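Comments concern the structure below.
All of these numbers come straight from a predicted model, not from anything done at the bench.
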Amino acid sequence: MISFFLKKFSGRHYRKFLDQCRPLVVRINELEQQYQSLTDDQLRAKTDEFRARVAAAADKRAALNEILPEAFAAVKNGARRLVGRKIMVCEHELAWDMVHFDVQLIGGMALHQGKIAEMATGEGKTLVATLPLYLNALAGRNAQLVTVNDYLARRDSEWMGHLYGFLGLTVGCIQQSMPSQQRREMYARDITYGTASEFGFDYLRDNGLATRKEDQVQRDHFYCIVDEIDSILVDEARTPLIISGPAPIEREQPFTRLKPAIDRLFADQMRFCNKLVGEARTELEKTPEIRKQEAEALKKQGATDIDPDPVRTAIFKLLQVKTGAPKNKLLLRLMETPEWRKLLDKAESEMASDFNKEAFYRLKEELLFIIDERQQQADLTEIGRKHLRPDNPDAFVMPDLATEFSELDKDTTYTPEQKEEIKLKAQQRYGDVSEEIHAISQLLRAYSLYERDVEYVVQDGKVLIVDENTGRTMPGRRWSDGLHQAVEAKENVAIERETRTYATITIQNYFRMYEKLAGMTGTAETEATEFHDIYKLDVVVIPTNKPCIRIDRNDSIFKTRRDKYAAVVREIEAANKRGQPALVGTVSVESSEVLSRMLKRAGVIHTVLNAKYHQQEAEIVMRAGLRGAVTIATNMAGRGTDIKLGEGVRELGGLCVVGTERHESRRIDRQLRGRCSRQGDPGLTKFFLSLEDELLRIFLSGGTASRMMEGTMKEGEELEHWLLNRSIESAQKKVEQQNFSQRKRALQYDDVLNLQREVIYGIRNGALAAERAKDIIFEQIEEELATRLEAAGYGGKGTSPAAIESFVVWVNGHFPIGLKAEELTGHDIDSLAKQLIERIKQAYAVKEAAEPPEALGMLERYIVISAIDHHWQEHLTELEDLRKHIGLRGYGQKDPLVEYKNEAYSCFSELMDNVRLQICTNLFRRRIGWMQAPESPPAAPNGAALPPPPAPTVTSRVTFSGGAAEAPASSSQGEKEIKLPSVTIRRDLPKVGRNDPCPCGSGKKYKQCHGA
């Protein structure tokens, strides 16, 4: 009853939106009829007329809304005039046969209003986007469309470009590896197509790597339509965009050295688990009578250690195997027996209680390592640690540096230099132990949780990550934190060196920069909450042009994966004999290849499309509707490409879509179903599942699964009921909620970094845009002077001779003004700061007089940018480390997010202090030598390592000798010699580098301690 009423009221906001749009649709069609009497030139002149009206309006948005009917009518009429024309798209000749339907006009209105238009597959979303893109491009600002891959970006820009060009607009397309000059030209056009990663990386290069204004390629972020928005803003949102380069310090990779030991450890664990499964199986297959006879025989022999419950012991052995090797093939086979599965579920629930925590711990400690599938973690047990390091019981114990340093400081037998040497060795030991523990952990994850041809593939000697949602490989993307190197070691391919993050941004925060964001997809309604919470986007379901007559059959569930695949092959064979085309969806490369081998044995001719062959993706999917075609593809492959039915296929029932496994997300299952029945075509969909499938095995409750198998279910038997569909969807909802929580939490952490990124990029862009960055430099110097005067006691608690002397030494070490201590007496902090900045400006004026203004401007920009880039990259690394470990604060009853915000703020304050200090340090120590403008940074692939752009060549001209600092008069260009005041600097100990351990013994880096 409740569901009946909910259904009656659901979708009311969609109907309200549709009612508002219908009068506009009538008006657009009326105008379009009027435009049919215009010549081509007169229609094209409408574009200039619209532009002039928008430019003259005070409120540009209101103006765009006002001319919407006329602009949409012009686009529709332009499409009508192109009908029948031959056009070239990606080297293929096509005939234009599209004119906007009324529902497409409604979809265009939704996109213009900044909504997500959910339109079924085949409803012409590519054509729909031309309406709002044309309208918003009239504002004179770049309108953009983001799609899922380079091929679709190129295809759609060329395809729809004929319509835009007919109406007098220019269209660009961003492609991977495109040079900067060409990218700038593409962004300068009215409308630009590209992928999310290309737009995001261009933003990072413009703001984090460009060293000249001319190197920046993007315009502002005005209006953007995201095609397949669920794929880009939900599925890809978990992977941030990162531009990285080689780490500054090349260290020996520990993975190759540790691999043989982990190999043996993993093999030993697998042998132990197979032994446990064998023993458990032998015991469980015995009848009660046999067990009774064996017990009586043991009693007669005088045995005292007779197991009172051998079945329970066997089940706990299986629980051990599930903890140490959850994907063990023998274990999965045993779990097909309902009685045993039920007992295992009961034992697992029992051990999960606090009362049995110690017993479960002892059970796990008999293994070498344990695996947590849900959390994707693998940890060594005590036995495993001894197995790896039998001769070193402290190999996995982190040195207690604080205690060691404290005891060392109390020891008077060592000189300060000896103590410093001992501390450096201790810190080196700490780093080695920490790195080895981390490498072992990552190798365990690589062996236990990351399967070849499932999570990754190996091509051309490289490990390529497979996108779990699309099934496509992601060249250039690498797992972080050493995991990728661990997988490379496992697969015996070349291990690439460690990288360092130069610039990063999440997909969410990049697209939230747009003034107006919209999207379109066939499946967004299930993620409506996430779109609203994160992007403030509302989902509107657009009705289909023709009624959908697709038949969705109930899922068929089998006990084993073998039975499931056999049923899938029978279904495909039956469709193939009828001549009905079949599209088979799989969730992994491994599944598609297994099914391909079975179809070959059955003699069924077919085509395979998975992560290994994604380059032919569009062509393969396009042919999937031909008579008798059988296409195996990962569930998300071919998005954006229509499957048109071949001749006579409609009479055979249309395209038959067969799903071999349910995905974690209902949305992706809906996407697969939507591959058939476009524009009123017939179609059939059906999913085949097994209790060994990942979703059912991990997330469907054991009790439900056990009840399903109880009673009469036998091997090869098929279960089919709508109630089972509901149980599966409830499991999918659990996973969706879990994934949404993870994405939302990750975004909350990135929001902290995003605020800092805006500040840093604002200063950096200010330096790039200014002819001279002198004002920015002196602002930073003024802040630094105020901070140091305050630290010296001015304007507060009072000064001391030592504090004043320290301040004078610092000022004279950075600025050639010959400051004396007696000059600081009798002044307040404001007047002192003002006097000092004036003297520094006067000294800088002497430097300015001897340098060419243009070259000096480049040097000033370099001083600011190099200071920002160096410390920002270190800051990103520090925050990455902080993010990984901040979760441990939760054990102390503290909110990790709040702790992260506090720590990140402290790190950012330190970053700004370091930037100011480096600017102060370099202002008079950098001088123009042979200055050459840097080239634009190259285009980076998706997440690929990218070296920093070459900096202007500068040389340090300030030397310290005998206490005098002066600039030598060496110049082939006749530069003037500049006499600077003498500055005396004395050092009691050798100079400490900023990344060296602080001599005070705190264990921190010098820059984070006394060098701050």
Side-chain angles (χ1 to χ4, degrees), residues 269 272-273 275-277 279-281 283-284 291 305-328 330-332 334-385 441 444-445 448-449 691-692 694-710 727-728 730-739 741-742 745 887-896:
Q269 172 103 322
F272 180 64
C273 288
K275 175 175 170 289
L276 289 176
V277 173
E279 293 172 354
R281 181 176 184 175
E283 187 61 49
L284 292 173
R291 292 194 195 98
D305 56 345
I306 300 173
D307 191 342
D309 193 349
V311 173
R312 179 180 172 83
T313 304
I315 291 298
F316 275 96
K317 288 181 178 178
L318 293 182
L319 181 58
Q320 275 186 295
V321 176
K322 188 175 181 180
T323 306
K327 296 183 180 180
N328 184 283
L330 295 174
L331 173 68
L332 297 178
L334 289 181
M335 289 304 96
E336 296 166 12
T337 304
E339 181 187 355
W340 300 344
R341 185 182 183 108
K342 187 176 181 179
L343 289 171
L344 179 60
D345 293 338
K346 183 179 178 182
E348 191 170 15
S349 300
E350 182 183 329
M351 288 292 105
S353 67
D354 289 340
F355 183 75
N356 292 307
K357 189 180 291 183
E358 290 187 12
F360 194 31
Y361 173 77
R362 290 195 298 271
L363 201 70
K364 291 189 288 188
E365 282 299 308
E366 294 178 13
L367 300 165
L368 296 172
F369 57 87
I370 56 176
I371 297 171
D372 186 341
E373 267 193 300
R374 292 197 184 192
Q375 300 299 323
Q376 291 284 293
Q377 293 295 328
D379 294 316
L380 284 171
T381 62
E382 187 61 34
I383 295 177
R385 296 184 193 104
S441 174
L444 279 175
R445 290 180 66 199
S448 307
L449 297 168
L691 294 167
E692 296 177 3
E694 206 80 5
L695 180 72
L696 273 63
R697 187 169 58 84
I698 297 178
F699 291 100
L700 196 61
S701 65
T704 304
S706 297
R707 285 194 298 272
M708 284 166 49
M709 293 187 297
E710 281 179 342
S727 296
I728 293 164
S730 69
Q732 289 176 308
K733 285 179 183 177
K734 289 180 188 175
V735 185
E736 288 169 3
Q737 290 165 0
Q738 179 179 310
N739 289 339
S741 298
Q742 290 174 354
R745 192 69 168 173
L888 297 174
R889 303 274 180 98
Y891 292 108
Q893 303 303 309
K894 295 180 180 179
D895 185 348

Could you state the interatomic distance from NZ (Lys322) to CG (Leu332), rounded to the nearest 0.5 Å? 9.5 Å

Less than 4.5 Å apart, side chain to side chain, heavy atoms only: is that true for Leu344 and Trp340? no

Which pairs would a plain distance check flag for residues 355-367, meaning a side-chain donor or acceptor within less than 3.5 Å of a matching protein atom at least two apart in sequence or in another chain?
{"residue": "Asn356", "atom": "ND2", "partner": "Glu350", "partner atom": "O", "Å": "2.9"}
{"residue": "Asn356", "atom": "ND2", "partner": "Ser353", "partner atom": "OG", "Å": "3.3"}
{"residue": "Glu365", "atom": "OE1", "partner": "Glu382", "partner atom": "N", "Å": "2.9"}
{"residue": "Glu366", "atom": "OE1", "partner": "Gln320", "partner atom": "NE2", "Å": "2.8"}

Once you round to the nearest 0.5 Å, how far does CG of Asn328 lie from CD of Gln269? 10.0 Å

Determine the minimum heavy-atom distance between Gln377 and Leu449, stating which atoms define it. N-CD1, 3.4 Å

Heavy-atom check, side chain of Met351 versus side chain of Leu319, under 4.5 Å: yes

Set of residues satisfying side-chain hydrogen bond (donor to acceptor under 3.5 Å, both in side chains) with respect to Asp379, sequence neighbours excluded: none

Between Leu331 and Ala325 the two heavy atoms that sit nearest each other are CD2-O, 4.1 Å

Gap separating the CZ atom of Phe272 from the NZ atom of Lys317, nearest 0.5 angstrom: 9.0 Å

Does Val311 reach the side chain of Arg291, with side-chain heavy atoms less than 4.5 Å apart? yes

Looking only at non-hydrogen atoms, find the nearest pair between Ser441 and Ala378 and report the distance. OG-O, 4.2 Å

Within this structure, what is the CD1-OG distance for the pair Ile370 and Ser448, rounded to the nearest 0.5 Å? 11.0 Å

Leu318 side chain near Leu284 side chain, heavy-atom distance below 4.5 Å: yes

Measure the CG-CG distance between Leu380 and Leu368 for me, rounded to the nearest 0.5 Å. 8.5 Å

Specify the closest pair of heavy atoms between Cys273 and Val321, including all atoms of both residues, with the distance to one decimal. O-CG2, 3.6 Å

